[in-house]
Amino acid sequence: MYLVESILRHGTGSQGRRGRTIGLVSILTVFVAGVGYLREAALAARFGLSSSMDAYFGALFIPIMLSTMLIAGTLSPVFIPILLEDEKTGDFGKLSETFSIVTNFVLLFLCGIVSCALLTAHQWVSLLFPGFNPETASATQQLVIIIFPSIIFVAMAGILTATLNGFHKFALASFAPALSSIAVILAVVLARGGKALYFVGVATAVGFLLQFLLLIPATAALGIRYKMTLSLHHPAVRKLCRLGGPLLAYLVTANASSLVERNLASQLSAGAVSTLTYAIRLFTVPSNFLAAPLGIVMYPQFAREALRERHGDLALQVSRIFRVALFVFVPITVWTITNSLPITRLLYERGHFQLENSLITSQVLRLYSIGILPLAVGGILLRCFYAVQDTVTALKAEAIDLVFYLIAAPFMSHHFGVLGLAFTRGISFYLVCGILVFVLWRHKRLLKFDTDLARFVASTILASVVMGGVSRIAWNFLQSLFDAGGTFVRSGVVGVLLLISASVFVGIARLLNLSEVESILRTVLTIASSNRGRNPDVAPVSVGE
């Protein structure tokens, strides 16, 4: 019996509560991602692939990257174990002090970053997007002034999210990002005239503020009280710097390739940056829908197992999660590559986003999608490294990957344009994931490889390839109906493609005796039934449990 099934079975006790939580987080993640899609679709319909969208995505790129690196990537993985250590003492006064000192330290650090970024916006925008014409560069700089200060709200929301997740309060934190998307959608619908793009920029900043404000009452309900106190010598700050330093260096290295990618794309043509952005938003959907909820819920458990003698059952949990991730994301990768065109046309093709825009965006999506599997698996495995407080291995892996990207991306961009950039990025994820898998297997002994796993991988790939072939044949029959139909008909066609593909994959997997089929099906049924029961997200927290 595998981990996903074992944590959900019977829907009772702590295992059942964890299963309900995974189901709840998954549902909310799907909802938030759906609202995020509506945001992207609204922007695409209003502005298309244009220099205006290049400016907007360019202004948003650095704030979001900094938030991802500093908060979601660095603070959250380190902060949760720190909170768990204080939780064991049952002293909420000490817990509040630790929370406040870390929060104020982060605020002080971010205020310095925001100030420097605003003062030097002209220089770094020109350096990052050298291919932008003067009008696009000017619009980008004005949007930076509007959007960049709101990174502070994103950071505060990230701190509150990490705190709530550490106490197994996942629901509200999972829902909160939807507010920023809703604000942008309303702005796109209501904005009129030549200043519509800047109205969208203001709405983006307001959405980040709302996301932060929503989480304040839930955090206060935990018994944590914010204080205006700061001590750079506090143990939590020292531990944050000691563990977060290498982790931040890793994330800077990991995201450096994104900077290079946008830099090269800006030199290709107007709309190239927005093409990459639209495609990569779809590319990350599978990981956000499935890998992220599982990682969010399981990371506190990983952290607790890592604190036990000889890491407790961490190796067993990680090995099982790895196997389930392969079973889920190999077919998703194949299906997305096969159906990139209908996906793109369904989600984006309306308004100013025409067929020719769908064709180039779908080609970029197809090449990006090569990396769906390693992105999802690598993201889950990183939680294991965080749990054992190893932030150096990931840094080394990304450094190797960056060297590869710096050599390959300019060459591929010069010869194949935006498609070369997408292919290089898709391949690069395998390099990082491969290094992480190797270290967990050979050096940390937290992954098990044997002949059974080899048979399982071969069977999963075979079932996925057959599924992809059948899906392509089905698309050839349904394409004329898709072309002639509206959104409702197109949704039905894509739904039929998904249903046919899933049925073929499950059927082949059963013929090959892959036990994960029954495990995953039971998981879905358990999630559906357990979500009708008590919501564990509002259950009282037992301090020191």
Side-chain donor-acceptor contacts of residues 492-505 below 3.5 Å, not counting sequence neighbours, with atom names and distances?
residue : atom : partner : partner atom : Å
Ser501  : OG   : Trp335  : NE1          : 3.0
Ser501  : OG   : Ser471  : OG           : 3.3
Ser501  : OG   : Leu497  : O            : 2.7
Ser503  : OG   : Leu499  : O            : 2.8

What's the shortest heavy-atom distance between [X] and [Y], and which atoms?
X	Y	answer
Ala397	Leu436	CB-CD2, 4.5 Å
Ser413	Leu268	OG-CD2, 3.7 Å
Arg455	Asn513	NH2-O, 4.1 Å
Ser52	Phe47	CB-CD2, 4.2 Å
Leu421	Ala409	CD2-O, 4.0 Å
Ser340	Arg366	OG-NH2, 3.0 Å

If you define the side chain from C-beta out and look only at heavy atoms, does anything of [X] sit under 4.5 Å from [Y]?
X	Y	result
Thr487	Arg350	yes
Glu349	Leu355	yes
Asn357	Tyr348	no
Phe416	Phe423	no
Phe449	Val437	yes
Phe456	Phe327	yes
Leu375	Phe329	no
Phe322	Leu440	no

Please work out which of the three classes, parallel, tilted or perpendicular, describes the rings of Trp441 and Phe438, given edges at 30° and 60°.
perpendicular

Measure the acute angle between the ring planes of Phe429 and Phe283, then classify it against the limits of 30° and 60° as parallel, tilted or perpendicular.
tilted

Take Arg345 and Asp483 through the test salt bridge (Lys or Arg N to Asp or Glu O under 4.0 Å) and record every step on the way to the result.
CA-CA 9 Å; Arg345 295 187 64 187; Asp483 292 339; 2.6 Å; yes

More than 12 heavy atoms of other residues, nucleotides or ligands under 6.0 Å from CZ of Phe482: yes or no?
yes

Straight-line distance of [X] [atom1] to [Y] [atom2], nearest 0.5 Å:
X	Y	atom1	atom2	result
Ser50	Leu43	OG	CG	10.0 Å
Thr275	Met53	OG1	CE	12.0 Å
Thr333	Ile337	OG1	CD1	6.5 Å
Phe385	Leu395	CZ	CG	12.5 Å
Leu276	Arg262	CG	CZ	6.0 Å

Given Glu398, which of Val432, Thr393, Asn255 fulfils the side-chain contact (heavy atoms from CB on, under 4.5 Å) condition?
Val432

Basic-acidic side-chain contact under 4.0 Å: Arg323, Asp452
yes

Within the distance-only criterion (no hydrogens, no angle test), does the side chain of Asp54 pair as donor or acceptor with the backbone N or O of Gly271 below 3.5 angstrom?
yes

Apply side-chain contact (heavy atoms from CB on, under 4.5 Å) to residues Val439 and Lys444 and explain how you reach the verdict.
CA-CA 6 Å; Val439 172; Lys444 297 191 178 297; 4.3 Å; yes

Carefully, step by step, assess Met65 and Leu259 under the rule side-chain contact (heavy atoms from CB on, under 4.5 Å).
CA-CA 10 Å; Met65 177 178 287; Leu259 293 173; 4.0 Å; yes

Report yes if the distance between the aromatic ring centroids of Tyr278 and Phe57 is under 6.0 Å, otherwise no.
yes

